[in-house]
Amino acid sequence: MSDKTMLVIPGRRLSVPKPVKRLVQVLMAVTLTAMTLLVLLGGSTLLVGKTKSPMQAFDQWLSFVRQPEIITVMVLTALVTILFVYWQRDQERRPEAKGR
C-alpha cells in the first residue's frame with residue numbers, strides 16, 4: 001500500500017504524502033468557511049446599517065475571524081469532517097466480514 005496519493009489542484013496533479021493532502025484539504029475548508037463568514041457577516045452588517053462602508057464590514061469580519069476560538073472551531077470542524085469522509089470511504093471499500 002502506497003503512502004502517497006494524488007492531490008488535484010487547478011491545472012495540476014501532484015503526488016503527495018497523505019498527511020500533506022489532508023493538511024491542504026483542511027486549509028481549503030477553513031478558507032472556504034472564512035469566506036462564507038465574510039459574505040454572511042459583511043452582508044448582514046451592511047443590510048442592517050450598523051456600518052457605513054464595506055471597509056468597516058471587512059474590519060468587523062477580520063476582528064471576528066482572528067479570534068483564536070473561531071480559528072480553532074473552523075480547523076477542528078474541517079479536520080473532523082475530512083477524517084470522517086475518508087474513514088467512511090474506507091469502510092465502504094472494505095470487504096464485508098464473513099459470517100454476518
Side-chain angles (χ1 to χ4, degrees):
M1 183 173 191
S2 174
D3 62 344
K4 290 209 170 205
T5 185
M6 294 301 292
L7 175 64
V8 179
I9 55 175
R12 299 187 104 161
R13 296 181 88 140
L14 305 170
S15 180
V16 297
K18 288 181 183 181
V20 172
K21 182 177 181 179
R22 304 295 189 272
L23 179 64
V24 169
Q25 289 172 326
V26 167
L27 291 175
M28 287 189 307
V30 169
T31 302
L32 287 172
T33 302
M35 293 301 106
T36 303
L37 282 172
L38 173 61
V39 170
L40 292 174
L41 290 174
S44 70
T45 56
L46 289 174
L47 288 174
V48 172
K50 291 182 180 179
T51 60
K52 294 184 174 31
S53 74
M55 200 59 194
Q56 285 178 328
F58 179 78
D59 290 338
Q60 189 176 18
W61 166 78
L62 198 55
S63 67
F64 176 75
V65 170
R66 283 187 174 170
Q67 295 177 29
E69 303 88 21
I70 301 302
I71 294 171
T72 303
V73 168
M74 288 192 300
V75 170
L76 283 176
T77 302
L79 186 63
V80 168
T81 302
I82 288 169
L83 291 175
F84 176 74
V85 167
Y86 278 103
W87 173 80
Q88 192 158 18
R89 185 188 68 181
D90 290 342
Q91 294 298 315
E92 291 171 355
R93 290 183 179 175
R94 180 181 291 168
E96 286 191 36
K98 293 181 180 180
R100 282 190 172 182

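These figures come from a predicted structure and were not determined experimentally. Scope of the values below: all heavy atoms of this structure, side chains included, with no hydrogens, waters or symmetry mates.
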Inset, instruction - Can you sort out the partners of E69 under side chain to side chain contact (heavy atoms under 4.5 Å, CB included), two or more places apart, ordered by chain and number? - result: Q67
Inset, instruction - Working to the nearest 0.5 Å, report the span between CG of L27 and CD of Q25. - result: 10.5 Å
Legend entry - ILVMFWY network linking V73 to I71, side-chain heavy atoms under 4.5 angstrom: no
Inset, instruction - Indicate if V65 and L32 have the same hydrophobic cluster label, given that clusters are the connected sets of ILVMFWY residues with side-chain heavy-atom separations under 4.5 angstrom. - result: no
Inset, instruction - Kindly compute the distance separating CG (L23) from CG (L79), expressed to the nearest 0.5 Å. - result: 9.5 Å
Legend entry - ILVMFWY cluster, V16 and I9 together (side-chain gap under 4.5 Å): yes
Legend entry - Hydrophobic cluster membership, L7 vs I82, 4.5 Å side-chain cutoff: no
Inset, instruction - Flag the pair W61 / F58 as yes when their ring centroid distance falls below 6.0 Å, and as no otherwise. - result: yes
Inset, instruction - Starting from the C-alpha separation in whole Å, work towards a yes-or-no answer on side chain to side chain contact (heavy atoms under 4.5 Å, CB included) for K21 and Y86. - result: CA-CA 12 Å; K21 182 177 181 179; Y86 278 103; 3.5 Å; yes
Inset, instruction - Report the distance from atom CG of L38 to atom CE of M35, rounding to the nearest 0.5 Å. - result: 5.5 Å
Legend entry - Residues that A78 engages under side chain to side chain contact (heavy atoms under 4.5 Å, CB included), provided they are two or more places apart: V26, A29, V30
Inset, instruction - State whether the number of non-hydrogen atoms from other residues, nucleotides or ligands found under 6.0 Å of R89 atom CZ is greater than 12. - result: yes
Inset, instruction - Could you tell me which residues satisfy side chain to side chain contact (heavy atoms under 4.5 Å, CB included) with T72, sequence neighbours excluded, listed by chain and number? - result: L76
Legend entry - Under 3.5 Å donor-acceptor, T77 side chain and M74 backbone: no
Legend entry - Shared hydrophobic cluster for L83 and V75 (ILVMFWY, side-chain gaps under 4.5 Å): yes
